[in-house]
Undergrad: 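Quick one: the structure is below, questions incoming.
Residues: numbered from 1 along the sequence shown. Predicted, not measured: the structure shown is a model, and the values here were computed from it.
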Amino acid sequence: MAGKKREVQLQAVVNTQSLWDEMLQNKGLTVIDVYQAWCGPCKAMQTLFRKLKNELNEDELLHFAVAEADNIVTLQPFRDKCEPVFLFSVYHEILFVDPDEDDGGDAPSESVDQLYCIAIIKPDAVISRKSQEIKQKGRNVLALSYMCSPLRLDPTLSVKIIKAGFVIEMEDKRLLTEQQVRDFYHRIADQPDFEEFVLFMTSGLSHILVVSQGNEEQPTLGETRPNPETEDEEIYEDHPDVVIPPGMKKKRDSLQEFLERQHISQFCDVEETVTNVNHFIDVFFPDFENMKNLKLEKILALLWPALFQEKKEDVLKIIEDEGFKILMQRQIVLSKEEAHTLCKEYENEDYFGKLIEKMTSGPSLALVLVRDHGLQHWKELIGPSSVQKAKESVPESLCARFAMEGLPINQLYGSDSLEAAERDIQYFFPPQSTLALLKPHLTQEQREEILKLIREAGFEITQMKEMLLNEEEVEKIYSKIKGKDFYQDVVEMLTEGPSLVMVLTRWNAVSDWRRLMGPVEPEEAKLLSPDSIRARFGRSVLKNAVHGSSNTYEAMESINRIFEDFIPENPERNLKMERPILKFT
């Protein structure tokens with residue numbers, strides 16, 4: 001029996017693509033005997049393999065496997081070959097680090113490429129807002145999107161999962177094409193319900209993520225617990241029975257393992273094979289190499305009333321010259337309560353009453369700014385909160401250059417952290433949703449151009465699905481014109497081919513989407529708003545490319561009819577009750 005056990009351990013049997021991918025993660029050297037069912041593995045080599053294994057005694061660094069080419073996509077080129085084929089896989093990974101070890105600086109430096117995986121959060125999860133939960137469960141850095149609303153998440157769960165250390169390098173929400181689904185899920189194409197699955201995956205918006213492991217390490221399960229009296233031991237929160245001695249680092253779970261452990265793998269599919277990941281990054285994120293090192297951060301900025309009235313243009317020019325993009329802006333008159341919140345740290349100063357009076361004397365300008373490493377750059381740009389300190393230490397700062405009305409504090413506000421920025425933006429720019437429709441006459445290329453314009457305008461595409469509308473569904477969108485003479489012409493136009501129906505979300509979404517669409521008549525749009533969508537893509541009043549809700553009530557009515565499971569990004573709430581705790585940078 002002992003001999004039999006040794007034989008099983010000698011060569012791992014690999015007969016599926018998932019086992020193949022798992023085998024490639026073996027540390028050290030793996031020798032693979034590739035075979036087909038009609039011509040089995042080379043038994044003559046087993047004696048040699050056993051001899052090498054016994055002589056070298058390297059259970060962790062030397063592995064042998066037999067792999068059936070018939071069932072593994074990667075081995076397709078080796079099918080229909082009768083001679084033995086041996087492949088070699090080398091995977092090197094440092095699992096243990098001795099903090100006291102010193103190489104004297106003579107060892108050559110070695111750069112290791114960052115390993116990524118592609119994750120697709122399925123349409124049903126996006127509709128139910130599971131994508132936000134899944135993202136929070138695996139993220140500590142979000143580089144290119146700021147649409148996640150933490151108000152809807154259990155904070156304990158959010159904090160726990162952020163500590164998992166995965167990094168979302170890039171993300172996008174999109175309607176997958178049939179070919180993209182077939183390519184990504186080629187391994188399950190032989191399953192009987194695959195065609196239904198393709199229809200499901202192309203029926204709504206999917207959330208696509210490029211994820212890296214991050215820099216921190218986590219312990220693997222099943223480790224032996226060291227002596228509890230060992231000093232400086234680190235206890236891993238998810239598994240209190242696991243303790244990591246100082247200086248020892250263990251390889252963390254893969255993303256797939258992590259999703260399974262969190263019981264959310266049914267909502268999200270992961271591709272971790274390097275070749276396939278590179279392919280899908282090229283498909284979904286062609287600018288990835290240029291964008292991956294950017295850390296775009298969105299922050300809130302405020303210009304107090306005097307500065308806004310007298311020096312607005314000067315300040316805005318400096319902001320744009322410093323590389324910030326102004327995503328949104330609005331005038332807002334602060335209440336005394338809001339002014340007290342903003343200036344709470346100065347309430348014991350002699351000038352506090354004058355400060356509140358000045359801050360509530362007229363409109364302030366609220367801005368949402370985005371830039372690579374925007375938070376730190378904005379802090380450096382505006383300078384300290386004290387005018388005297390700014391003039392002494394950083395005279396080029398905005399605080400020193402734009403001191404107003406003899407007040408001793410900075411006339412500009414900036415969020416002091418990314419978490420505060422998200423909260424501040426939610427407060428001053430509460431998100432709103434509207435319904436948008438791309439009409440059937442548009443080509444796929446025109447659709448892509450319009451979707452790009454939508455994203456550049458700062459909209460989040462919260463929901464999306466392609467629909468071949470029938471008369472009943474047209475009525476759900478155009479109910480207010482049902483009695484008009486031209487209504488039947490609208491029905492005929494919209495039922496002649498598939499439309500793209502979306503929920504767009506951002507502050508002031510209804511008005512801003514109507515502004516981006518332009519006038520109803522394309523010829524009029526070309527004169528009055530030449531950069532608008534209807535001016536560029538409209539053919540006639542009926543085929544004017546896009547449709548949008550006229551007001552917030554109509555928007556929510558139409559959205560609820562078309563997207564029955566839709567949850568508003570910012571349901572009606574008392575903003576006074578959820579006022580953020582603001583503080584000066």
Side-chain angles (χ1 to χ4, degrees), residues 12-25 32 34-41 65-81 87 116-128 130-131 133-134 137-138 172-211 253-284 463-468 498 565:
V13 177
V14 181
N15 51 21
T16 67
Q17 183 67 42
S18 60
L19 288 175
W20 172 268
D21 295 338
E22 182 179 336
M23 178 206 67
L24 294 181
Q25 301 304 311
I32 308 133
V34 179
Y35 73 96
Q36 287 188 266
W38 58 269
C39 182
V66 292
E68 185 177 356
D70 306 78
N71 296 328
I72 301 171
V73 175
T74 306
L75 297 180
Q76 184 174 357
F78 300 101
R79 295 173 188 172
D80 301 321
K81 296 180 182 292
L87 304 179
Y116 303 104
C117 64
I118 291 280
I120 293 183
I121 302 174
K122 299 174 184 176
D124 56 345
V126 174
I127 290 173
S128 65
K130 279 285 184 183
S131 62
E133 180 180 345
I134 293 168
K137 286 192 173 186
D172 190 19
K173 287 182 180 177
R174 66 170 63 196
L175 195 67
L176 295 176
T177 67
E178 179 180 333
Q179 190 57 52
Q180 288 169 344
V181 175
R182 293 185 184 280
D183 287 348
F184 192 86
Y185 291 97
H186 66 273
R187 294 173 187 164
I188 61 171
D190 57 347
Q191 295 188 6
D193 57 352
F194 184 68
E195 293 304 319
E196 291 182 22
F197 178 76
V198 172
L199 289 175
F200 159 70
M201 288 298 297
T202 56
S203 67
L205 208 60
S206 293
H207 200 153
I208 304 161
L209 311 173
V210 179
V211 182
D253 287 347
S254 70
L255 180 60
Q256 182 63 48
E257 291 168 336
F258 177 77
L259 294 172
E260 290 172 356
R261 185 156 55 83
Q262 294 296 327
H263 308 293
I264 51 176
S265 58
Q266 69 269 31
F267 299 110
C268 183
D269 295 309
V270 179
E271 175 59 70
E272 296 179 308
T273 308
V274 175
T275 302
N276 292 339
V277 168
N278 291 338
H279 166 70
F280 288 116
I281 286 178
D282 290 341
V283 170
F284 295 131
Q463 297 294 339
M464 179 196 295
K465 59 182 176 181
E466 189 176 60
M467 300 178 65
L468 182 58
D565 297 325

Undergrad: A side-chain contact here means heavy atoms from C-beta on lying under 4.5 Å apart; do E466 and P498 qualify?
TA: yes
Undergrad: Only counting residues at least two apart or in another chain, list the ones meeting side-chain hydrogen bond (donor to acceptor under 3.5 Å, both in side chains) with E272.
TA: none
Undergrad: Closest heavy-atom contact between H186 and N276?
TA: CE1-ND2, 4.2 Å
Undergrad: Can you find a pair of side-chain heavy atoms, one from K173 and one from M464, that are under 4.5 Å apart?
TA: no
Undergrad: Are C117 and E271 close enough that some pair of their side-chain heavy atoms sits under 4.5 Å apart?
TA: no
Undergrad: Determine whether I121 and L209 make a side-chain contact, defined as any pair of heavy atoms from C-beta on separated by less than 4.5 Å.
TA: yes
Undergrad: If you measure from CG on D193 to CZ on F200, what distance do you get to the nearest 0.5 Å?
TA: 11.5 Å
Undergrad: In terms of the angle between their ring planes, are F284 and F280 parallel, tilted or perpendicular, with boundaries placed at 30° and 60°?
TA: parallel
Undergrad: For Y116 and V274: C-alpha separation, side-chain torsions, deciding distance, then whether side chain to side chain contact (heavy atoms under 4.5 Å, CB included) applies.
TA: CA-CA 8 Å; Y116 303 104; V274 175; over 6 Å; no
Undergrad: Just so I know, are the side chains of V14 and I32 near enough to count as touching, which here means a heavy-atom distance under 4.5 Å?
TA: no
Undergrad: Measuring from atom OG1 of T202 to atom NZ of K465, what distance do you get when rounded to the nearest 0.5 angstrom?
TA: 12.5 Å
Undergrad: Quick check: do V13 and E68 have side-chain heavy atoms less than 4.5 Å from each other?
TA: no
Undergrad: To the nearest 0.5 Å, what is the distance between CD1 (I281) and CG (N278)?
TA: 6.0 Å
Undergrad: Please tabulate, for side-chain N and O atoms in residues 175-182, each donor-acceptor pair with protein atoms closer than 3.5 Å (sequence neighbours left out).
TA:
unit_1 : atom_1 : unit_2 : atom_2 : d
T177   : OG1    : Q180   : N      : 3.1
T177   : OG1    : Q180   : OE1    : 3.4
E178   : OE2    : R182   : NE     : 3.0
E178   : OE2    : R182   : NH2    : 3.0
Q179   : NE2    : D183   : OD1    : 2.9
Q180   : OE1    : T177   : N      : 3.0
R182   : NH1    : E195   : OE2    : 3.1
R182   : NH2    : E195   : OE1    : 2.7
R182   : NH2    : E195   : OE2    : 3.4

Undergrad: My understanding is that only residues two or more places apart in sequence, or in another chain, count here; which of them pass side-chain hydrogen bond (donor to acceptor under 3.5 Å, both in side chains) with Y185?
TA: D269
Undergrad: Which atoms form the tightest heavy-atom contact between F194 and I188, and what is the distance?
TA: CD1-O, 3.5 Å
Undergrad: To check you understand the geometry: which heavy-atom pair defines the closest contact between G204 and P123, and what is its length?
TA: O-CG, 3.8 Å
Undergrad: Which heavy atom of T273 sits nearest a heavy atom of R187, and at what distance?
TA: OG1-NH2, 3.0 Å
Undergrad: Heavy-atom distance under 4.5 Å between the side chains of S206 and M201, does that happen here?
TA: yes
Undergrad: Hey, are the side chains of I208 and R174 touching, using non-hydrogen atoms and a 4.5 Å cut-off?
TA: yes
